[in-house]
Colleague: 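Below is one structure. I have some questions about it.
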Amino acid sequence: AHDCGLTFEKGGTVISDLRRAQTLARLKEIADSSDIQGQLNLSDLMMVKEEICSAEKVSMSTAGKLEVELIFSFLGGKDRGYIEYQDVIRFLHAEMPRVKSINSI
């Protein structure tokens, strides 16, 4: 079970289409308002995760923080300093992203 998951409701054991849609909608707001539209940085992902945790009245776990860092790294964030919103959509729908890390994660 996950608490404050990007795709899981509190205590959920399966992906929630509603939670995933809410997460993606919030990330889209941020990506659309960024200096370079469509891009997200690690702090954007962490902020959304924290917002979810706050709404659920739970603290982000070390594993939850690591999860966000791994997603950012996998989607090429460490290589480029940002990730693309469209790749987050693909990743959260279990599809291959356009950009993946070229270095070790």
Side-chain angles (χ1 to χ4, degrees):
H2 289 68
D3 282 345
C4 62
L6 299 174
T7 59
F8 287 81
E9 301 282 349
K10 183 177 180 181
T13 58
V14 297
I15 289 175
S16 162
D17 290 333
L18 176 61
R19 171 58 58 84
R20 179 174 43 203
Q22 292 168 334
T23 297
L24 290 172
R26 181 65 179 117
L27 288 170
K28 181 167 180 21
E29 287 175 15
I30 295 167
D32 285 351
S33 67
S34 68
D35 291 338
I36 301 174
Q37 285 195 351
Q39 293 182 358
L40 298 161
N41 59 44
L42 180 57
S43 64
D44 297 332
L45 293 178
M46 285 295 182
M47 180 175 62
V48 171
K49 178 80 167 177
E50 285 287 355
E51 289 172 359
I52 294 168
C53 292
S54 178
E56 291 184 350
K57 297 181 179 22
V58 298
S59 296
M60 186 186 318
S61 66
T62 301
K65 182 179 177 187
L66 180 61
E67 172 189 36
V68 172
E69 291 170 347
L70 287 171
I71 291 169
F72 184 77
S73 294
F74 178 73
L75 297 177
K78 280 189 171 181
D79 302 329
R80 302 183 307 161
Y82 67 91
I83 59 176
E84 296 178 20
Y85 171 72
Q86 292 298 321
D87 276 343
V88 177
I89 293 173
R90 290 179 189 98
F91 180 80
L92 294 184
H93 284 92
E95 298 170 4
M96 192 60 68
R98 190 180 65 76
V99 176
K100 295 181 292 186
S101 176
I102 58 173
N103 295 305
S104 311
I105 297 176

Colleague: Which pair of non-hydrogen atoms, one from V48 and one from I30, has the smallest distance, and what is that distance?
Modeller: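 Looking at all heavy atoms of both residues, the closest pair is CG2-CD1, 3.6 Å.
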Colleague: Kindly give the heavy-atom pair with the smallest separation between L92 and R20, and that separation in Å.
Modeller: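 Closest heavy-atom pair between L92 and R20: O-NH1, 3.0 Å.
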Colleague: Restricting to non-hydrogen atoms, name the atom on P97 and the atom on F74 that form the minimum distance, rounded to 0.1 Å.
Modeller: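 Answer, listing the atom of P97 first, then F74: CG-CE2, 3.8 Å.
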Colleague: Look at atom NZ of K28 and say whether more than 12 heavy atoms of other residues, nucleotides or ligands are closer to it than 6.0 Å.
Modeller: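 Count not over threshold, so no.
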Colleague: Counting N and O atoms only, with roles assigned by atom type, does the side chain of K49 sit under 3.5 Å from a partner on the main chain of L6, one being a donor and the other an acceptor?
Modeller: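 No: the side chain of K49 does not pair with the backbone of L6.
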Colleague: Nearest heavy-atom pair of I83 and F72: which atoms, and what distance?
Modeller: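 In terms of heavy atoms, the two residues are closest at CG2-O, 3.5 Å.
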Colleague: Hey, does the side chain of T7 reach the backbone of I15 with a donor-acceptor pair shorter than 3.5 angstrom?
Modeller: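 No, T7 side chain to I15 backbone: no donor-acceptor pair under 3.5 Å.
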Colleague: If I take atom CZ from residue R90 and atom NZ from residue K100, how far apart are they, to the nearest 0.5 angstrom?
Modeller: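 Between R90 CZ and K100 NZ, I get 12.0 Å after rounding to 0.5 Å.
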Colleague: Has S54 got a side-chain atom pairing as donor or acceptor with E50's backbone, closer than 3.5 angstrom?
Modeller: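 A pair under 3.5 Å: no.
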Colleague: Flag yes if L66 and M46 sit in one hydrophobic cluster, no otherwise; membership is Ile, Leu, Val, Met, Phe, Trp, Tyr, and two members link when side-chain heavy atoms are under 4.5 Å apart.
Modeller: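 Same hydrophobic cluster.
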Colleague: Is it the case that the side chain of Q39 and the backbone of Y82 share a donor-acceptor pair, with hydrogens and angles ignored and the cut-off at 3.5 Å?
Modeller: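 No.
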Colleague: Out of curiosity, K57 NZ to D3 CG, how far, rounded to the nearest 0.5 Å?
Modeller: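 The distance works out to 13.5 Å.
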Colleague: Going by heavy atoms in the side chains, are K78 and N103 under 4.5 Å from each other?
Modeller: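 Result no, sub-4.5 Å side-chain heavy-atom pair not found.
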Colleague: Let me confirm one number: the CG-CZ distance from L75 to F91, rounded to the nearest 0.5 Å.
Modeller: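 Here the interatomic distance stands at 6.0 Å.
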Colleague: Give the minimum heavy-atom separation between S43 and N41, together with the two atoms involved.
Modeller: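 Closest approach of S43 to N41, heavy atoms only: OG-OD1, 2.5 Å.
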Colleague: Can you tell if the side chain of I52 reaches within under 4.5 Å of the side chain of R19, non-hydrogen atoms only?
Modeller: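 Result yes, sub-4.5 Å side-chain heavy-atom pair found.
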Colleague: Tell me the closest heavy-atom pair linking C53 and S59, and the distance in Å.
Modeller: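 Closest pair (atom of C53, atom of S59, distance): SG-C, 4.5 Å.
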Colleague: Is there a path from M60 to V58 through hydrophobic residues (I, L, V, M, F, W, Y) whose side chains come within less than 4.5 Å of each other?
Modeller: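 Not linked; separate clusters.
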Colleague: Quick one: CD on E29 to CG on D44, what's the gap to the nearest 0.5 Å?
Modeller: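 Those atoms lie 12.0 Å apart.
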Colleague: For K65, check salt bridge (charged side-chain N to carboxylate O under 4.0 Å, His left out) against everything at least two apart and list the hits.
Modeller: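 Applying salt bridge (charged side-chain N to carboxylate O under 4.0 Å, His left out) to K65 gives none.
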Colleague: Measuring only between side-chain heavy atoms, which start at C-beta, is L45 closer than 4.5 Å to L27?
Modeller: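 A side-chain contact exists here, since the closest heavy-atom pair is under 4.5 Å.
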Colleague: Which is it for L24 and Y85 under the side-chain contact (heavy atoms from CB on, under 4.5 Å) test, yes or no, and what are the steps along the way?
Modeller: CA-CA 8 Å; L24 290 172; Y85 171 72; 3.7 Å; yes
Colleague: Roughly how far, to the nearest 0.5 Å, is CG of D17 from CD of Q22?
Modeller: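 Result: 11.0 Å between the selected atoms.
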Colleague: Is I36 atom CD1 crowded by more than 12 heavy atoms from other residues, nucleotides or ligands, each under 6.0 Å away?
Modeller: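 Counting neighbours around CD1 of I36, 12 or fewer heavy atoms of other residues, nucleotides or ligands fall under 6.0 Å, so no.
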